[in-house]
2 protein chains.
Amino acid sequence: MSPNIGTVWSDSIEHLTEKQTSVTAMSQHRKTPVQVETVEPAACSVDLRLSILQKVPFFSDLPDAEIRTLNDQFREYGFQPGEPIYFSGEKAATLYVVASGQVKLLRHSMSGQDVLLDILKPGDYFGSLTTLADELYPDTAQAHTAVCVLSIQTEAFRTLLQQYPPVALTVLDITARRLQETQEIVRRLSADSVEQRIAAVLLKLAQKLGEISDEGILIQMPLSRDDLAQMTGTTTETASRIISQFQKEGLVHSGRKWIVITGRPGLKMIAAAADTV
Amino acid sequence: MSPNIGTVWSDSIEHLTEKQTSVTAMSQHRKTPVQVETVEPAACSVDLRLSILQKVPFFSDLPDAEIRTLNDQFREYGFQPGEPIYFSGEKAATLYVVASGQVKLLRHSMSGQDVLLDILKPGDYFGSLTTLADELYPDTAQAHTAVCVLSIQTEAFRTLLQQYPPVALTVLDITARRLQETQEIVRRLSADSVEQRIAAVLLKLAQKLGEISDEGILIQMPLSRDDLAQMTGTTTETASRIISQFQKEGLVHSGRKWIVITGRPGLKMIAAAADTV
DNA sequence: GCCGTTACATGATCTGGCTCAAATAACTGC
DNA sequence: GCAGTTATTTGAGCCAGATCATGTAACGGC
């Protein structure tokens, strides 16, 4: 059997915003180039709430008036970096939407090893989407940066989905897409080397959170070797070694908790390479 | 941080059907105990179609009259074991439902290694659920046994979802559930040993396709060491070694392409064990 | 019932990546 | 600016599991 193999998803970076880095034009920086936005932890303004709800892909189809109504159904919460939003095993009945900042989604193992499933950005949803079975969160959500999240009871959300079929379809699309992406991760964990997996994750993050800087594509969030390791099913040490190697090869420029991609084509080669050459 | 860890999903086997094994009461069988149902490859009867559509979780809420209408929208196809239903990379615009038999869902890697994402049973859907992006199948669907599948154009299906919001919600629930399960696989691949992964997959398959026999729970489908390896991200040899070991420990009884679970509690211990004891 | 084919088993060897360990370097708070 | 803390780097040894190799047993076809 010789099926078509290939990357199916778009991998353009055209959407990336170019931000004028006022600091260190000579690029020999040692300080993090990541711009951590300091959010008032306990409240996002009403304006922010509305603009976020509009930005949530779910609701982008809805008329403004409807969104204003929805707005009342949501509550807002702020969390500090590292703070848990909910724990795996807790009773699950709430759906969340990231308003600002980033949220980590992770699963814990008996061995103590945590696996980082995803890092969510503003507009992404998480938590309990459906009123299934036993109603316990299978994963833990944790603030990665300072975040503001909007929340709604799962039941209320489902009523809403019944009311607006197009919204339900959009939510389905997003969930189906996430399933595809997660299946690709399964494939990578089963068939690719750690080096390939790390290259792939860097490219993915660049696509998702990348920002053009004078040196290359800055992944606009704090990203430690350990985060990287938890995302690729390896150890901190190995992640560190691989990043060092990439840096030697001129593919990335990195420091403490930040990475700039300087050789996207090279990383793509590595991520896609068949071992058997 | 010390979050709650634990199995969230129900793991009962109460639903398993008990089938009177007419063959080899003395259980020293060498021939496969798996009962391969021989289906007319190119056609499932109209009755079968209706009863399948009713069984599909999507439509179980719908009144019979509606289902009869739906029936016209579906076409049916038969496939022989090993035959591809669609290939990754092909243009995707069709949604399928398994009517009878089992379907493998897999992804290919450049290295030639295939990863088995799931084995679907009657009532399960696969193919293109949503009209997303570039419309290429990211995975390959292949008949595992002789199968009969029903198919509908993705567009028609979406129209249908718009018409029946409760159906859309059910589809969403199923997709969300699959996402959860796939994330659990990611966790296992990242954090568990091969032995644990194989034990877990056996239990999962037992829950899904198990049938009580006089010896234990028979996984009612052909299941080779290679299938097992592709599901757990290991090699055929290692899978074989682990099964041999399980057999020595009295946890399973197995032959060529079949496995009976004789020690469910033992397997559960292994699947759940923290390495650090 | 025999033969060819296809799974499966198992030994021997090799290695990518994990573990353990210890030294630096970057940030933070004061 | 200094001290303490936390992230990163790098080395050395080790091991689970991959690879390579070979033998054997089950099954299907005729």
Side-chain angles (χ1 to χ4, degrees), chain A residues 23-24 28-34 36 38 80-82 109 111-113 144 188-199 221-230 232-248 252-259 270 273 275-276, chain B residues 23-24 28-34 36 38 80-82 109 111-113 115 188-199 221-230 232-248 252-259 270 273 275-276:
Chain A
V23 236
T24 58
Q28 224 25 33
H29 51 216
R30 348 201 107 224
K31 231 191 134 187
T32 178
V34 177
V36 190
T38 26
Q80 288 307 306
S109 296
S111 63
Q113 185 176 150
H144 182 218
R188 294 205 100 95
L189 285 169
S190 300
D192 290 357
S193 68
V194 172
E195 186 190 24
Q196 289 178 293
R197 269 138 53 195
I198 290 189
M221 71 168 175
L223 182 69
S224 68
R225 302 294 179 268
D226 202 45
D227 292 329
L228 228 34
Q230 292 190 342
T232 52
T234 185
T235 59
T236 311
E237 294 92 328
T238 298
S240 174
R241 274 181 247 271
I242 304 264
I243 294 294
S244 296
Q245 175 200 320
F246 284 174
Q247 186 137 351
K248 238 169 264 162
V252 305
H253 180 202
S254 165
R256 194 190 169 100
K257 287 198 170 195
W258 59 267
I259 297 188
I270 291 173
D275 296 326
T276 337
Chain B
V23 237
T24 57
Q28 223 26 32
H29 51 214
R30 348 201 107 224
K31 231 189 132 186
T32 177
V34 177
V36 190
T38 25
Q80 289 306 306
S109 295
S111 63
Q113 185 177 149
V115 175
R188 294 205 100 96
L189 285 169
S190 300
D192 289 358
S193 68
V194 172
E195 185 190 24
Q196 289 179 291
R197 269 137 54 193
I198 290 189
M221 71 168 176
L223 182 69
S224 68
R225 303 293 180 270
D226 202 44
D227 292 329
L228 228 34
Q230 293 191 341
T232 52
T234 184
T235 59
T236 312
E237 293 94 327
T238 298
S240 175
R241 273 182 247 270
I242 304 262
I243 294 295
S244 296
Q245 176 200 320
F246 283 174
Q247 186 137 353
K248 238 168 265 162
V252 304
H253 180 203
S254 166
R256 194 189 170 97
K257 286 199 170 196
W258 60 266
I259 297 188
I270 291 172
D275 296 325
T276 337

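Predicted model only: the values in this text are computed from it and were never measured. Note on naming: letters A, B, ... go to the chains in the order of the sequence lines (proteins, then strands), and numbering restarts at 1 for each one.
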Worksheet item: Looking only at side-chain N and O atoms, does B/Thr238 come under 4.0 Å of OP1 or OP2 in D/dA18?
Response: yes
Item to complete: In whole angstrom, give the distance that lies between atom CD of B/Gln245 and atom P of C/dG11.
Response: 13 Å
Worksheet, complete the sentence: note: A/Arg197, atom CZ; C/dG17, atom P; distance rounded to Å ~ 7 Å
Fill in: Atom-to-atom span, CG of A/Asp226 to P of C/dT19 - whole angstrom
13 Å
Practice prompt. Nearest whole angstrom, please: distance from the C1' of D/dA16 to the CG of B/Leu189.
Written response: 15 Å
Worksheet item: Please give, in whole Å, the distance from D/dT8 C1' to A/Ile198 CD1?
Response: 14 Å
Worksheet item: Between D/dA21, C/dC8, D/dG17, which nucleotide gets closest to the side-chain atoms of B/Lys257?
Response: C/dC8
Output a table of donor-acceptor pairs, distance under 3.5 Å, between side-chain atoms of residues 223-230 of chain B and any protein atom two or more places apart or on a different chain; print 'none' if there are none.
residue  : atom : partner  : partner atom : Å
B/Ser224 : OG   : B/Asp226 : N            : 3.3
B/Ser224 : OG   : B/Asp227 : N            : 3.0
B/Ser224 : OG   : B/Asp227 : OD2          : 3.1
B/Arg225 : NH1  : B/Ser254 : OG           : 3.3
B/Arg225 : NH2  : B/Ser254 : OG           : 2.7
B/Asp226 : OD1  : B/Thr236 : OG1          : 2.5
B/Asp227 : OD1  : B/Lys104 : NZ           : 2.9
B/Asp227 : OD2  : B/Ser224 : N            : 3.0

Practice prompt. Provide, to the nearest angstrom, the distance between the CZ atom belonging to B/Arg225 and the P atom belonging to D/dA26.
Written response: 12 Å
Discussion item. Over all strands shown, is B/Thr234 touching base, sugar-phosphate only, or nothing at heavy-atom distances under 4.0 angstrom?
Written reply: sugar-phosphate
Response to the item:
Atom CG of A/Asp227 and atom P of D/dA7 are separated, to the nearest Å, by 10 Å
Worksheet entry | Length of the CD1-C1' vector between B/Ile242 and D/dA16, whole Å | 10 Å
Fill in: Side chains of A/His144 and A/Pro222 in contact at under 4.5 Å (non-hydrogen atoms)
yes
Discussion item. Quick check against the 3.5 Å criterion: does B/Ser244 have a side-chain atom that pairs as donor or acceptor with the backbone of B/Ser240?
Written reply: yes
Worksheet entry | Contact check, side chains of B/Ile270 and B/Phe246, non-hydrogen atoms, under 4.5 Å | yes
Worksheet item: Which nucleotide in the set D/dG17, D/dT8, D/dC27 lies at the smallest distance from any side-chain heavy atom of A/Ser240?
Response: D/dT8
Worksheet item: If you check the A/Ser244 side chain, which of C/dC8, D/dG17, D/dT9 turns out closest?
Response: D/dT9
Discussion item. Measuring from the side chain of A/Glu237 (C-beta onward, heavy atoms only), which nucleotide among D/dT8, D/dT19, C/dT19 has the closest atom?
Written reply: C/dT19
Fill in: Contact check, side chains of A/Met221 and A/Trp258, non-hydrogen atoms, under 4.5 Å
no
Item to complete: Between A/Thr235 and B/Arg241, name the one whose nearest nucleotide on DNA chain C is closer to the 5' end.
Response: B/Arg241
Discussion item. What I want to check is whether an N or O donor and acceptor connect the side chain of A/Arg256 with the base of D/dT6 at under 3.5 Å.
Written reply: yes
